[in-house]
There are 2 protein chains.
Amino acid sequence: MWSTQDQALFENLRLELRRGSVILAVLAALRTEQYGYTLRKRLEEGGMPVDEGTLYPLLRRLESQGLLESQWREEDKRKKRFYRRTPAGTEIFARLMAEWQSIGEAVAHLHTVGESGHGGQ
Amino acid sequence: MWSTQDQALFENLRLELRRGSVILAVLAALRTEQYGYTLRKRLEEGGMPVDEGTLYPLLRRLESQGLLESQWREEDKRKKRFYRRTPAGTEIFARLMAEWQSIGEAVAHLHTVGESGHGGQ
DNA sequence: GTCACATACTATGTGAAACACAGTATGTAA
DNA sequence: TTACATACTGTGTTTCACATAGTATGTGAC
């Protein structure tokens, strides 16, 4: 059985693992234009739940960094802030996906090294 | 062409993406017992270069957290500190790999959502 | 009308850890 | 001797997801 200490350690490491990939998930989900609330729902449905306190500041930071652009619109009697990727955002996203792939391959490779007859991964 | 600003932003995001996965790579590479120097070389060859200033403190932290254990030995006229995973380390590593897998699937899924006729991922 | 909930968002401090830089010690080869 | 590889330690900085708290308002039930 897992001790409370090991459980806390795992949780801590799990969050550290998630860092960085939150941005990937957000940029991925913005393949189509979204406003914050539906974006958050889509992330949750896609297996990457992100708290609103994390998501909205992140959206604003990505916009200030030029990866997203936003636009206020009134829809269904509500004021909503729609986000979309900029060309630079799409480009950087593609490069980050390649990097992510590379990291995954490296970890998978290291995971098998040392086994008898290890071949290409 | 990439502006210096975009290049710096990408590099920053890339490092953020790497966070967390350094631990995975280290635990993966310690499938077999290693000392610091060869571990570092293995990581580099495996596509996951880690600076020594990052690696040694990390090894010590993982040991203090009970995921690794170490042993000084004299070999080839040199004092070397050998590391190996503990049972708890192997267990937590397995859970983190599953989590990593889950994150990867979520990102891949979000990346395809919105395409015409999107099927199971 | 009031209440609860969902919808839609803003503000901000904290904690953790990889990174980066600097350093020591020593064996080997030229 | 010198340069380099080998093998490791020490420590401050930077970054940002997380966590918490908050505002505003439309809708439905009672």
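So you know, we letter chains A, B, ... as the sequences are listed, proteins then strands, and number each from 1. Computed from a prediction, not measured in an experiment: that's the story for all the values here.
One interatomic measurement links the two molecules: CG of L62(B) to P of dA18(C), which rounds to 8 Å at whole-angstrom precision. The separation between R60(B) atom CZ and dA18(C) atom P is 13 Å, rounded to whole Å. What separates OH of Y56(A) from C1' of dA21(D) is a distance of 16 Å, to the nearest Å. Rounded to an integer number of Å, the gap from CD of E74(A) to P of dT25(D) is 11 Å. Atom-to-atom, CG of L9(A) to P of dA16(C) comes out at 12 Å; the value is rounded to the nearest Å. At whole-Å resolution of the value, OH in Y37(A) and C1' in dT7(C) are 5 Å apart. In this entry the distance linking CG of L58(B) with P of dA20(C) reads 15 Å, nearest Å. What separates CG of L17(B) from P of dA17(C) is a distance of 18 Å, to the nearest Å.
With the nearest nucleotide of DNA chain D identified for both E11(A) and K79(B), K79(B) has the one nearer the 5' end. Toward the 5′ end of DNA chain D lies the nearest nucleotide of G36(B), the other residue of the pair G36(B) and V50(A) mapping further downstream. For the pair R19(A) and W72(A), both in contact range of DNA chain C, the more 5′-proximal nearest nucleotide belongs to W72(A).
Within 4.0 Å (heavy atoms only), R40(B) reaches no atom of the nucleic acid at all. Looking at heavy-atom distances under 4.0 Å, R81(B) makes contact with sugar-phosphate atoms alone, never a base. Contact annotation for L59(A): no contact, since no heavy-atom pair falls under 4.0 Å across all strands. Nucleic acid contact for G53(B): base, since at least one base atom lies under 4.0 Å from a heavy atom of the residue. Contacts of E52(A) with the nucleic acid, taken as non-hydrogen atoms under 4.0 Å apart, include base atoms. Counting any heavy atom pair closer than 4.0 Å across all strands shown, D76(A) reaches no nucleic acid atom.
Side-chain contact check for R42(B) and T32(B): at least one donor-acceptor pair (N or O, by modelled atom type) lies under 3.5 Å. A donor atom on one side chain and an acceptor atom on the other are found under 3.5 Å apart for S70(A) and E63(A). Q7(B) and E11(B) are not linked by any side-chain donor-acceptor pair at a separation below 3.5 angstrom, with hydrogens and angles left out of the test.
Of the options Q34(B), R31(B), E33(B), a side chain to side chain contact (heavy atoms under 4.5 Å, CB included) to R84(B) is made by E33(B) and by none of the others.
The base of dT25(D) sits with one of its N or O atoms less than 3.5 Å from a complementary donor or acceptor on the side chain of R78(A).
Between K80(B) and dA7(D) there is a side-chain N or O to OP1 or OP2 distance below 4.0 Å.
When the nucleotides dT28(C), dA19(D), dA7(D) are ranked by their closest atom to the side chain of D51(A), dA19(D) comes out on top. Listed candidates were dC8(D), dA16(C), dA8(C). Nearest to the side chain of Y35(A) is dA8(C). Which of dA17(D), dA17(C), dT27(D) sits closest to the side chain of N12(A) comes down to dA17(C). Nearest to the side chain of P57(A), among dT12(C), dT7(C), dA17(D), sits dT12(C).
Atom CD of Q5(B) has 12 or fewer neighbouring heavy atoms from other residues, nucleotides or ligands inside a 6.0 Å radius.
With D51(A) contributing its side chain and G53(A) its backbone, the two residues share a donor-acceptor pair below 3.5 Å.
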